[in-house]
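Right, one structure below, let's go through it.
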Amino acid sequence: MTERLTDTFVRKALPPARGQTLYWDAEVKGFALRVTPGGAKSFLLDYRAEGRQRRITLGSYPDWSVQAARQAAKELKREVDQGRDPMGKRHADRAAATLQDLWERYEVEHLPRNAPRSQADERSMWKKIILPRLGKMKLTAIDHDVIDSFHQDITKVRGTPVRANRTVEVLRKAFNLAIRWNWCERNPASGVRKNPEEKRSRYLDKTEIAGLARALNQHSEPMSANVIKLLMLTGARRGEVLGATWAMFDLENGVWTKPSAHTKQRRLHRVPLSAPALQLLGEMKDVATRKAHERGVCLNPYVFPGSDGKPLTDIKRTWVSVCRKAGLAVEVEMKGRNGKVMKGKDGKPVMTWQPNVRLHDLRHSFASILVSAGASLPLIGQMLGHTQTQTTHRYAHLYDDPLRKAAETVGRFISPALKKLPAPEEVQS
């Protein structure tokens, strides 16, 4: 049935006894009113795109007037004339991947390539920060404004500007993969203005190292305390020490061979061990062997096993405790995930101890001691397992003191001779 549709006609249209009745508009081809036996009325548009017959619902009556529905039909027909498929796009949008879908594939195909600690850190970012906020969104609906707003929220509300930068970097990497997988065409996380970051250069002096050593020797948990001792003695990364196995150590020849899968640079790293490091490891292995024999079990392959037999994953409590005892921590107000100060039942801020030195600063301190002993930057890079020279170059400024001492040596040698030279005016005369 063809009729020029009007609001009056639509209002008076009677429902069929069964099935549905279509009233085609005489003005716009393919535009129609659909009436169901229940009396529901809606507007639709029939069209052909890429050889396929399509039917798209525009809206229901009386929410949509005839004029509004006819105008929408005209606009859609213009899209069809330009080679687009509105209904196909709607189907594609409905089936489009969400950020949750991207994470699930990212977790399986990409995340395992990272070091264990990096995997844990990224997984935490996705689970605690990214997915709760953006997980249900379609990839095609996430634009630069969404990511900018997300970045600012982490920065200001959570009060973690550096974490905000890292989170956006993880998203940028994930969207690059999504583009490769043809899930989206652009990367909304590219070009985000990052928060400024200051490179931290904290080096423990002799007094601080001595205080930390005393605190470690007195600590009630020798296993986690020994982790920190080995970090101090080797300059290794935390993940390398926590995941170390006895098979990596040649205690007879004093060598620690870290497999490529165990290092950040994904290369085998062979490093000599000092006498104190060998003594620490030797004593630890003797104790572990004796305890295993007493229990009638084999020696645990991990150097620092937890209660479940797997390697320790966190020594944060021990670090806070020994730093506090060594005078390397300050008392600060505790903040929740929303960035707000937490308060107790008495209404006063909840206080906590915060170290003013990081575990990773032990690695920097190891390098600074090598510099003061006259070691070259290439040698330090080899000890620390750096593959990029610019990474080791951060320690170049530490050479000021030994260089000044060298200059003073030359000065002391030449100075007496200079005093014996005639004054400039005497030479001119």
Side-chain angles (χ1 to χ4, degrees), residues 1-105 130-150 153 171 175 178-179 181-189:
M1 182 183 298
T2 302
E3 179 86 20
R4 187 181 187 284
L5 300 180
T6 64
D7 286 323
T8 300
F9 178 88
V10 173
R11 187 171 61 253
K12 293 182 177 180
L14 299 176
R18 56 184 172 179
Q20 59 183 17
T21 300
L22 296 177
Y23 297 96
W24 298 98
D25 185 43
E27 180 178 337
V28 178
K29 184 178 179 181
F31 176 51
L33 168 70
R34 177 172 53 200
V35 184
T36 68
K41 301 174 182 180
S42 58
F43 299 105
L44 57 85
L45 176 68
D46 270 13
Y47 67 93
R48 291 188 69 81
E50 299 180 352
R52 299 180 62 181
Q53 187 68 30
R54 295 285 201 185
R55 173 169 292 177
I56 186 169
T57 301
L58 303 173
S60 59
Y61 179 84
D63 294 337
W64 282 59
S65 66
V66 173
Q67 181 180 357
R70 182 181 286 116
Q71 182 60 35
K74 290 180 179 179
E75 292 174 358
L76 288 174
K77 284 179 69 67
R78 278 195 290 272
E79 290 189 33
V80 173
D81 291 342
Q82 293 170 1
R84 293 193 287 271
D85 182 2
M87 192 63 191
K89 183 178 183 302
R90 185 177 293 185
H91 286 165
D93 289 343
R94 191 176 297 126
T98 63
L99 196 61
Q100 176 71 41
D101 297 326
L102 177 56
W103 157 244
E104 291 174 1
R105 183 170 178 180
I130 299 173
L131 294 178
R133 170 82 173 265
L134 306 175
K136 295 181 180 180
M137 291 188 69
K138 303 284 188 181
L139 298 183
T140 52
I142 300 176
D143 56 20
H144 289 288
D145 289 340
V146 171
I147 300 298
D148 276 332
S149 175
F150 182 54
D153 180 64
L171 283 171
F175 270 100
I179 293 172
W181 297 333
N182 294 318
W183 284 12
C184 61
E185 297 179 351
R186 53 187 173 72
N187 191 329

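Side-chain atoms of Glu104 and Gln100 form a donor-acceptor pair, as typed in the model, at a separation below 3.5 Å.
Inter-residue side-chain proximity for Arg11 and Tyr61 is flagged as met; some heavy-atom pair is nearer than 4.5 Å.
Expressed to the nearest 0.5 Å, how far CG of Leu5 lies from CG of Asp25 amounts to 4.5 Å. Note that CG of Leu14 is 9.5 Å distant from OG1 of Thr21, once rounded to the nearest 0.5 Å.
Under the 3.5 Å distance criterion, the side-chain polar atoms of Lys77 are matched with a main-chain donor or acceptor of Lys29. Proximity of a side-chain donor or acceptor of Lys41 to a complementary backbone N or O of Ala13 within less than 3.5 Å is detected. Judged by distance alone, the side chain of Thr6 and the main-chain N or O of Phe9 form a donor-acceptor pair under 3.5 Å. For the pair Asp46 (side chain) and Gln53 (backbone), a donor-acceptor distance under 3.5 Å is absent.
Minimum interatomic distance between Leu58 and Ala69 (heavy atoms only, all atoms of both residues): CD1-O, 3.5 Å. Considering all non-hydrogen atoms of both residues, Val28 and Ala73 come closest at CG1-CB, 4.4 Å. Considering all non-hydrogen atoms of both residues, Pro37 and Pro15 come closest at O-CB, 3.7 Å.
Exactly one of Leu102, Thr98, Thr140 qualifies for a side chain to side chain contact (heavy atoms under 4.5 Å, CB included) with Trp183. That residue is Leu102.
Residues passing the ring-ring contact (aromatic ring centres under 6.0 Å, His included) test with Trp64, sequence neighbours excluded: none.
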